[in-house]
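For reference, the structure discussed in these notes is given below.
Here is the naming used below: chain letters follow the sequence lines, and residue numbers restart at 1 for every chain.
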There are 2 protein chains.
Amino acid sequence: MTHEFAPAAPTLEQVAALAGVSRSTVSRVVNNSPHVTNEAASAVLEAIETLGYVPNRAARSLASRKTQVIALVVPESTARVFADPFFASVVQGVALHLAQTEYTLNMVIASETNPDKTRRYLMGGNVDGALVVSHHRGDHSYARLSQTLPTVFGGRPMSAEERDSYFVDTDNVAGAVEATRHLLDLGCRSLATIAGPQDMPAGFDRLLGWRTTLIGAGLDSSLVEEGDFTPGQGAEAMRRLLDRGVPFDGLFVANDQMAVGALSVLRDCGIAVPDSLAVVGFDGDYFGQSSDPPLSTVAQPSTAMGAKMAEVLVDLLEGRPVERVTIMPTELIVRGSTRR
Amino acid sequence: MTHEFAPAAPTLEQVAALAGVSRSTVSRVVNNSPHVTNEAASAVLEAIETLGYVPNRAARSLASRKTQVIALVVPESTARVFADPFFASVVQGVALHLAQTEYTLNMVIASETNPDKTRRYLMGGNVDGALVVSHHRGDHSYARLSQTLPTVFGGRPMSAEERDSYFVDTDNVAGAVEATRHLLDLGCRSLATIAGPQDMPAGFDRLLGWRTTLIGAGLDSSLVEEGDFTPGQGAEAMRRLLDRGVPFDGLFVANDQMAVGALSVLRDCGIAVPDSLAVVGFDGDYFGQSSDPPLSTVAQPSTAMGAKMAEVLVDLLEGRPVERVTIMPTELIVRGSTRR
DNA sequence: ATGAAAGCGCTAACAC
DNA sequence: GTGTTAGCGCTTTCAT
């Protein structure tokens with residue numbers, strides 16, 4: 001079965017005719033230029049209304065040499081990205097903020113097998129700016145991109161060369177410190193941690209926060225196992241930690257997904273949380289909300305972070321002054337896993 | 001701080017000059033028309049390569065009257081949509097499939113306060129087609145849209161007038177029947193269900209499947225409570241079910257998120273799952289994977305559904321024959337919540 | 001304040 | 001097979 005669809009798109013010219021003015025005037029009204037008499041303007045507005053006119057983006061873009069399109073670049077490997085609630089929230093924030101602007105959101109899955117395709121597309125004048133997100137990764141493989149195209153990253157860059165890129169992040173070190181202190185305040189005296197990948201800023205910084213806090217308190221900081229931020233590896237790391245045979249009464253996990261995996265292992269092993277072991281996660285996503293017990297965590301304002309990324313980029317595009325770095329606050333949320 | 005970015009976009013004309021041919025020929029090569037000699041073609045290709053030429057989308061679109069853009073319409077209320085793993089997977093499927101085509105994905109959050117804005121945008125010739133998704137909703141408020149713009153919906157339409165729209169769905173009735181049979185096969189003889197909203201196809205059909213199976217088996221089907229597909233309401237519905245004071249040994253919940261909420265209530269009440277009560281959910285998302293106990297569920301191929309939606313729309317746009325209705329298979333996944 | 005005119009970069013007949 | 005010629009619908013000087 002095939003289908004026929006009627007185009008029926010009124011043009012600026014038709015609006016001009018109906019309003020009895022020139023195309024230029026209509027264009028001025030549409031772009032709300034101040035140099036139009038109220039009469040002319042209202043005549044145009046009325047014509048637009050009755051015709052149901054909508055400016056053609058392509059034509060406008062061609063003439064003005066602006067696309068009004070913002071690309072949301074999602075690294076392919078991170079395409080399961082959507083399986084990550086934190087990431088999904090960031091995307092949501094971006095979309096919600098952009099919906100209030102004149103910009104359109106173009107989701108681009110960067111093919112890693114053919115990175116040039118993506119780069120060409122982005123640099124080919126198809127978009128006005130780019131937002132690069134990849135949970136926890138701090139993946140700035142598109143760092144060079146930012147020299148050509150206004151770009152805002154989610155998460156701080158890992159390498160030094162990219163220090164000058166625009167980005168929005170949370171203070172992972174401070175968040176980890178807060179989580180660790182919380183454990184200490186609870187009376188825990190031997191702590192373990194399940195860290196994230198050390199080649200990712202989020203993984204690195206959270207471990208750093210944990211470690212420095214313990215060292216500052218004169219406690220041991222060698223009970224560390226690493227996972228890749230997924231529940232499965234969180235569970236495995238938990239087992240490895242247990243297998244060490246060293247007792248501990250407090251655990252900081254670098255993200256909620258791994259924490260939930262860890263909790264399931266603890267349940268299987270009959271280790272009571274929080275009574276025998278207090279657990280704190282990071283992110284504040286719904287993984288932790290529905291776990292048993294509910295997970296204490298260091299929440300990040302994920303949706304707000306997405307919105308902020310969009311805001312920074314739009315400001316950049318409109319030539320408004322913007323901070324290169326935006327650090328959003330984290331918040332410790334205490335739930336059952338640390339409430340004795 | 002402000003920034004300067006260099007455009008530097010080579011045009012088709014420059015390519016033509018360098019290759020020593022006309023613009024038409026370059027255009028033909030770019031659109032791989034067969035009517036070009038190999039020599040000419042390779043000369044053009046070489047020029048394109050050295051110049052790093054990328055066709056300008058706006059110009060191409062304006063001239064060809066095609067945008068190569070597909071809108072992904074997300075109803076605003078469903079913007080927390082991303083909080084729903086099922087939905088997020090569908091989006092992922094869409095994005096992944098489209099990345100392999102010449103089409104670009106334009107995410108549109110439909111503002112419900114100003115629905116016309118969205119409709120105008122979509123009908124204003126800014127996109128070639130639309131994909132409408134909204135988890136469980138079957139929300140075809142954009143049904144009229146499909147008369148003007150090639151549109152594919154996720155989930156079957158609720159109202160009769162829209163019966164002729166294109167959509168991709170799973171057989172919710174059959175899935176519910178399978179889940180209920182599974183409970184019956186386990187030996188359960190008095191079943192309850194937490195249904196979804198009855199104004200949503202997914203909610204309606206799943207209850208229907210459960211009910212007809214019980215009636216067919218000569219069993220009572222009055223133990224029904226309704227929730228809105230969120231974990232919170234799943235928990236509340238569970239409490240109401242328990243408050244009725246009528247004993248039951250099998251429970252079918254219309255989606256995994258509500259099921260997880262129900263499980264937490266059961267845990268609080270000390271009701272053993274699956275020993276005292278077997279529980280089956282629907283969707284197959286990670287909510288159920290990490291619950292305690294892991295949830296048996298009727299899984300939907302969410303990512304594949306998204307990909308299929310994209311595929312159907314693209315076929316429609318390219319004039320290929322397509323089925324108006326695509327029903328994807330569900331699969332019963334047996335986990336701890338029904339394994340005694 | 002408003003109109004006329006000249007493109008923006010490309011595709012699509014139409015001739016050759 | 002290839003070049004020529006018109007536009008696609010809009011913005012933007014530049015006059016007026």
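Each of B:Pro34 and A:Leu12 was matched to the nucleotide of DNA chain D holding its nearest heavy atom; the match closer to the 5' end belongs to B:Pro34.
Protein atom NE2 of B:His35 is 13 Å distant from nucleotide atom C1' of C:dA13, rounded to whole Å. The interatomic distance linking A:Asn31 (CG) with C:dT2 (C1') rounds to 15 Å, in whole Å. Atom CZ in A:Arg65 sits roughly 13 Å away from atom C1' in D:dC10 (whole-Å rounding). Residue B:Gln14 contributes atom CD, which lies 14 Å from atom C1' of C:dC8 at whole-angstrom precision. Rounding to whole angstrom units, NZ of residue A:Lys66 and P of D:dT11 are separated by 12 Å. Atom CD of B:Glu13 and atom P of C:dT11 are 13 Å apart (whole Å).
The distance from the OG atom of A:Ser89 to the CG atom of A:Leu96 is 11.0 Å, given to the nearest 0.5 Å. Atom CZ of B:Phe167 and atom CZ of B:Arg324 lie 6.0 Å apart (nearest 0.5 Å).
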Exercise. Given A:Thr11 and A:Asn56, is the side chain to side chain contact (heavy atoms under 4.5 Å, CB included) satisfied, shown in steps?
Worked result: CA-CA 8 Å; A:Thr11 72; A:Asn56 178 306; over 6 Å; no
For this session: Could you walk me through whether A:Asp315 and A:Tyr166 pass the side chain to side chain donor-acceptor pair (under 3.5 Å) test, one step at a time?
Result: CA-CA 12 Å; A:Asp315 282 348; A:Tyr166 289 79; over 6 Å; no
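The two residues A:Ala71 and A:Leu122 have their closest heavy-atom pair at CB-CD2, 3.6 Å. Nearest approach of A:Tyr103 to A:Val69, heavy atoms of both residues: CD2-N, 4.1 Å. Here the closest non-hydrogen pair linking A:Lys308 and A:Val168 is CG-CG2, 4.1 Å. The heavy-atom pair separating B:Leu149 from B:Ala130 by the smallest distance is CD2-CB, 3.8 Å.
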Identify each atom pair where a protein N or O and an N or O of nucleotides 4-6 of chain C are less than 3.5 Å apart, giving names and distance.
{"unit_1": "C:dA4", "atom_1": "N7", "unit_2": "A:Ser24", "atom_2": "OG", "d": "3.4"}
{"unit_1": "C:dA4", "atom_1": "N6", "unit_2": "A:Ser24", "atom_2": "OG", "d": "2.7"}
{"unit_1": "C:dA6", "atom_1": "N6", "unit_2": "A:Arg23", "atom_2": "NH2", "d": "3.4"}

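In terms of phosphate contacts, B:Thr25 brings a side-chain nitrogen or oxygen within less than 4.0 Å of OP1 or OP2 of D:dG3.
Axis orientation changes by 30° from one end of the helix from C:dA1-D:dT16 to C:dC16-D:dG1 to the other, with each end axis drawn from 5 pairs and the value rounded to 10°.
For DNA chain D, the residues of residues 36-60 of chain B within the heavy-atom distance limit of 4.0 Å (strictly under) are B:Val36, B:Thr37, B:Ala40, sorted by number.
Counting only heavy atoms from C-beta outward, the side chains of A:Asp169 and A:Thr326 never approach each other to under 4.5 Å.
A donor-acceptor pair under 3.5 Å links the side-chain atoms of B:Asp128 to the main chain of B:Gln68, judged by distance alone.
The residue A:Val30 sits apart from the nucleic acid: no heavy atom pair falls under 4.0 Å.
For the side-chain contact (heavy atoms from CB on, under 4.5 Å) criterion with A:Phe153, the lone passing option out of A:Val132, A:Val133, A:Leu131, A:Val73 is A:Val132.
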